[in-house]
Amino acid sequence: VEQSRNREKSAAGAVVEVAPDIWRIALPTPWPVGPVNAYLIDDDPLTLIDTGAWDEPTVVALEAGLRTCGYAVADLERIVLSHQHIDHWGLATHLAQRSGAEICALAELAPWLAAYPDSLAREDHFADDLLERHGADPAVSSAGVYRGDADYGAALHVTRPLDDGDALAFANRRLTVLHRPGHSPSDTVFCDLERGVMIGADHVMAKPSVPILSPPLSGPDGARRPRALTDYRASLGATRHMDLELILPGHGEVVSAPGAVIADRLAGYDRMTERVQAAVQREPHTAIEIAVESRRRVNIESAFYVLCDTLGYLDRLIDAGTVVEVQSGRFSRFARA
Ligand SMILES: [Zn+2]
């Protein structure tokens, strides 16, 4: 009785049981993306998937959320991270210190987390360079993308590196680890295949998520631009063929018809690819000019995300042979093939 009353009461607040013994704790972030979802798996070991960023409102909200579920930070035994974006993992270092929980993340992500904040600074340079190369207003480029965000996290030691296909075992369930790059190079999802539940972070959400371009996790930056949209479409294709009932996303509400949402998303990319093709002219134009041409409006603050999106479609068209990239010095323009 006590337990069911607890569950009912908490459903009205920021803490909701979204699947058997999986509690969603919505945590505030200081960014336009809004709250981020952490998931508490009330099983043995007691596990938190994603942590939110490292700031005071997040700590307060997480402590309150855990309390609603009958726990404290010190009770956490395992912390699992979904990807490199700071809104999902920034608090992990602090929580590991307070709880002694093991830290699980994709093996390729471990050096990135250990090298924080240099790894974030490298992403910032990469983003600035991309903006400049593709015709963004210098005022936007110099505003930086992640600058100022470094304080929301701290270098983190991954105690248990994960590989695609690994399993996280619990007393009452098993989560299969799947690498699903696209939104970021490190996107990792955790699937209860028996129950058809995926903890999907930003891989599949009710709202579309942007395939954000960032430096490769390992090896040199390379001459070729990363193909985030290509990776993302392949990852969506792989998830689409799984027998899933629910996806628990990193932001927003539960995705209850994953197959239909993914089919819709892929169709949306096809439509946008056609719109971008139509916006490409005989004379070369910058990716930013093409972005403006192919959309109703471009928000200056999200110029980097719009650029990532547009480059994704342009690269798809280059691969299809209908668009060419014209380099002059450091700058790139695109024209009909
Ligand atoms: Zn993300």
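Ligands are counted one by one from 1 in listed order, and the atoms in each one are counted from 1 as well. The structure presented is a predicted model; accordingly, all values stated were derived computationally and were not measured.
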Would you say D87 has an N, O or S atom lying under 2.8 Å from the Zn ion (ligand 1)?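 Not a single backbone or side-chain N, O or S atom of D87 is under 2.8 Å from the Zn ion (ligand 1).
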
Can you tell me if, anywhere in H85, an N/O/S atom lies at a distance from the Zn ion (ligand 1) that is smaller than 2.8 Å?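 Given the 2.8 Å cut-off, H85 counts as a ligand of the Zn ion (ligand 1).
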
Please determine whether a side-chain nitrogen of the Lys or Arg among D309 and R295 lies less than 4.0 Å from a carboxylate oxygen of the Asp or Glu.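 Yes.
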
So, are D129 and R330 salt-bridged, with charged N and O less than 4.0 Å apart?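 Looking at D129 and R330, the cut-off is met.
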
Between the Zn ion (ligand 1) and H83, which N, O or S atom of the residue is the nearest one?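 It is NE2, the N, O or S atom of H83 closest to the Zn ion (ligand 1).
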
For the Zn ion (ligand 1), what is the closest N, O or S atom on D202?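 This turns out to be OD2.
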
Answer yes or no: is there a donor N or O on one side and an acceptor on the other, between the side chain of Y116 and the main chain of G90, under 3.5 Å?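 Not confirmed, Y116 side chain does not pair with G90 backbone.
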
Residues H251 and D87: side-chain donor-acceptor under 3.5 angstrom: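 There is such a pair between these side chains.
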
